[in-house]
Structure formats: C-alpha cells, structure tokens
Amino acid sequence: MYSLSTCWNSHRHTDGRVMLQEIRDLGFEYAELSHGIRISLLPGIFEAVEAGEIKISTLHNFCPLPIGINHAAPNLFKFTSTNARERDNAYKHSLKTIETAARLKAKLVVLHMGCIDMKDYTEKLIDMAANGQKGTSKYEKLCAEVQDKQEQKKEKYVQLANEMLKRLIEAAEGHGVQLGIENREALEEIPLDADFNFFFRDFPEHTVGYWHDTGHAQIKENLGFIMHTLHLESLASRLLGFHIHDVQFPARDHCPPGSGSIDFAALKSSVKPEHIKVFEMNPGVEVEHLQQGVAHLKQLWGDS
C-alpha cells in the first residue's frame with residue numbers, strides 16, 4: 001500500500017474533498033490525513049471517502065487539529081508533560097484521532113510519544129555538522145553530553161509516555177485501529193532509538209508497532225547517533241509502516257526520494273507488501289518532483 005500524506009497539500013485547500021481529489025488524481029488510491037487537518041476540512045473528507053473516491057491509510061495525531069489551531073501541531077500536547085491538564089488534552093485529542101480513523105476505516109494512527117525535558121542539542125549539532133565540524137573534539141564532546149543527559153533524565157518521561165499509551169491502547173483495540181510509534185529526529189524525543197525494542201515489550205504487538213520515518217532516521221545517522229539500515233533491521237519484527245522522504249545533508253528533510261542522501265535500496269530488505277508506505281513531502285515540492293520521487297522509490301521497492 002502506497003499513500004500520500006496531506007502534509008503536502010492541506011494548507012492550500014479549504015475543501016477536504018478537493019484536497020483528496022488532488023491526491024487521487026496523482027494516482028494514489030490512499031491518503032494519510034496528517035497533523036495539519038483543520039476541522040473545516042472534515043466534511044469534505046468524509047464525503048470523498050463515502051463516495052469511494054479515495055481510501056484513508058492512516059491518520060497522524062492530532063487529527064483533526066484542536067479547535068482554534070490552524071497549523072500543523074503534532075507536539076501541541078505532550079504525552080510526557082508534567083502538567084496533568086496538558087496530558088488530559090493529549091489523551092482527549094488522541095482519542096478523537098482514533099475515533100476519526102475508525103470512522104474513515106483507516107488502519108493505523110501515527111503517534112509521537114513526547115520528550116525528555118532537556119536542552120535542545122539537535123539544532124546545535126545540525127549547525128555544526130553543516131559547517132563541517134562533525135568529528136571534531138567539540139562535536140564528539142557534545143554528543144557524549146547528549147547521551148549522558150538522555151540517560152540521566154529519561155525515566156520519568158518514559159513512564160509518563162507508557163501510562164498514556166496504555167490508556168490509548170484500550171480505545172484503539174475497541175475501534176480496531178493500530179498505533180504506530182514513530183522514530184523522531186530530535187534527540188530529546190522518546191523512545192530513544194536504542195530503547196525501542198525494550199519499549200515494545202510492554203505492549204501488545206497486534207495493536208502497537210513501530211513506524212519508521214526514513215528522514216528522521218537519516219538525520220540521526222547524519223549526526224552520528226545511529227546507522228539507518230541497522231536501526232530499521234533491528235525493529236523489523238514490529239514494523240507497521242513508513243513515512244517516506246529523503247534528506248539533504250545534514251537535516252533538510254521531506255524531500256522527494258532520490259534527491260537526497262538516503263540509500264533506499266539498502267532499506268528494501270526490511271520492506272514488506274503488508275507495510276503501509278506513506279510519502280511525506282514538503283508542501284513546497286512541485287508535482288513533477290513528487291512524481292519523480294515516487295517513481296524512483298517504486299523502482300527500488302516495487303509497486304506493492
């Protein structure tokens with residue numbers, strides 16, 4: 001199953017049906033409703049699906065956006081917040097996403113699990129890598145500091161994320177919807193890359209699995225924290241699907257496949273026909289380049 005995320009086009013539409021027709025007219029049978037779907041787009045979305053014009057593969061939390069929010073905001077309410085009211089809002093709007101997915105007969109909801117409360121090292125390291133400083137003693141010292149801080153501070157936030165996920169599993173199972181836990185590009189976000197397999201031990205594999213974002217993994221490789229292919233292979237048994245986009249070194253992501261540094265051929269051995277594969281393109285990507293990227297990926301991974 002190949003799908004195209006509405007993160008590419010939702011911003012320029014006021015009618016959800018027209019938005020999905022644009023995706024269908026590019027040859028996609030499926031679309032993902034991304035985290036920029038305003039409530040005003042829902043009536044047209046329901047009309048398009050009920051008319052059989054397109055199917056919905058997945059929803060990305062939070063979808064639809066909370067009232068009053070008109071821009072993509074996947075981290076608006078954090079599962080790991082120490083503020084109980086924020087966690088309640090995260091739960092409420094995640095439930096809404098799960099219910100919307102069920103109504104649209106989507107198979108899965110993509111989740112961000114939250115973050116450790118620590119300094120933002122990610123942008124600093126990206127800037128250093130872009131300026132040719134990767135591998136310097138200063139860079140390596142900062143990487144070691146990141147890992148120390150992660151380990152020192154993660155326990156409380158992982159516990160909060162686990163508690164939230166356990167609550168959401170009950171709702172997801174009741175609606176027949178799976179939950180895909182996405183790998184993230186920011187170093188403070190959880191689960192940490194080395195912790196995914198341990199994290200999954202506490203949750204039923206028929207409901208909770210791994211969602212692999214190719215761009216996020218490549219950014220982590222570019223910064224020196226993981227090896228992209230090995231990371232994906234280590235999680236193959238829990239893999240449910242992909243967000244597919246390329247990265248231009250070190251961290252310009254959401255580019256069409258083939259326009260960046262990701263070795264998609266090396267990832268192919270982990271890709272199965274049953275996996276959901278969602279192209280997640282920057283809104284500025286032109287149609288011609290999007291189509292070229294899709295063709296490039298399918299040439300490597302196959303049509304299914």
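Atom set for the values below is all heavy atoms of this structure, side chains included, hydrogens, waters and symmetry mates excluded. Along the sequence shown, the residues carry numbers beginning at 1.
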**OP:** Nearest 0.5 Å please: distance from the CG atom of N222 over to the CZ atom of F249.
**Re:** 5.0 Å
Subject >> Member of W211, Y210, F264, W301 meeting the ring-ring contact (aromatic ring centres under 6.0 Å, His included) criterion with F242 >> reply: W301
**OP:** Among K154, E155, K153, Q147, find the one that has a side-chain contact (heavy atoms from CB on, under 4.5 Å) with E151.
**Re:** K154
Subject >> More than 12 heavy atoms from other groups under 6.0 Å of CD on E170 >> reply: no
Subject >> 4.5 Å side-chain heavy-atom contact, I56 and L33 >> reply: yes
**OP:** Might you confirm whether atom CD of E286 has over 12 heavy atoms from other residues, nucleotides or ligands at distances under 6.0 Å?
**Re:** no
**OP:** For a ring-ring contact (aromatic ring centres under 6.0 Å, His included) with H243, tell me which candidate from H275, H60, H254, H35 qualifies.
**Re:** H60
Original post:
Honestly, is R167 close enough over Y91, meaning NZ or CZ under 6.0 Å from the six-membered ring centre and within 45° of the axis?
Top reply: yes
**OP:** State, yes or no, whether a side-chain contact exists between F225 and L192 at a heavy-atom distance under 4.5 Å.
**Re:** no
Original post:
In a check of side-chain contact (heavy atoms from CB on, under 4.5 Å) between V294 and each of Q292, K298, H296, which one passes?
Top reply: K298
Subject >> Salt-bridge present (K220, E185; N to O < 4.0 Å) >> reply: no
**OP:** Test F79 against every option in L160, L168, I190 by the side-chain contact (heavy atoms from CB on, under 4.5 Å) rule and name the one that passes.
**Re:** L168
Subject >> Minimum heavy-atom distance L179-L240, with the two atoms named >> reply: O-CD1, 3.9 Å
Original post:
Quick one: are K134 and C143 in side-chain contact, heavy atoms under 4.5 Å?
Top reply: no
Subject >> Geometric cation-pi criterion R103 and F46, 6.0 Å radius, 45° cone >> reply: yes
Original post:
What distance separates E205 CD from S237 OG, expressed to the nearest 0.5 Å?
Top reply: 7.5 Å
Subject >> pair E140-K138: side-chain heavy atoms closer than 4.5 Å >> reply: no
**OP:** Answer yes or no for K149 and Y121: cation-pi contact, defined as NZ/CZ to six-membered ring centre under 6.0 Å and angle to ring axis within 45°.
**Re:** no
Original post:
Would you say K107 and I276 make side-chain contact, with heavy atoms under 4.5 Å?
Top reply: yes
Original post:
Do H231 and F196 come close enough that some side-chain heavy atom pair is under 4.5 Å?
Top reply: yes
Original post:
Quick one: salt bridge (Lys or Arg N to Asp or Glu O under 4.0 Å) pairs with a partner in residues 33-52, sequence neighbours left out?
Top reply: R17-E47
**OP:** Check salt bridge (charged side-chain N to carboxylate O under 4.0 Å, His left out) between K124 and all other residues, then give those that pass, not counting sequence neighbours.
**Re:** none
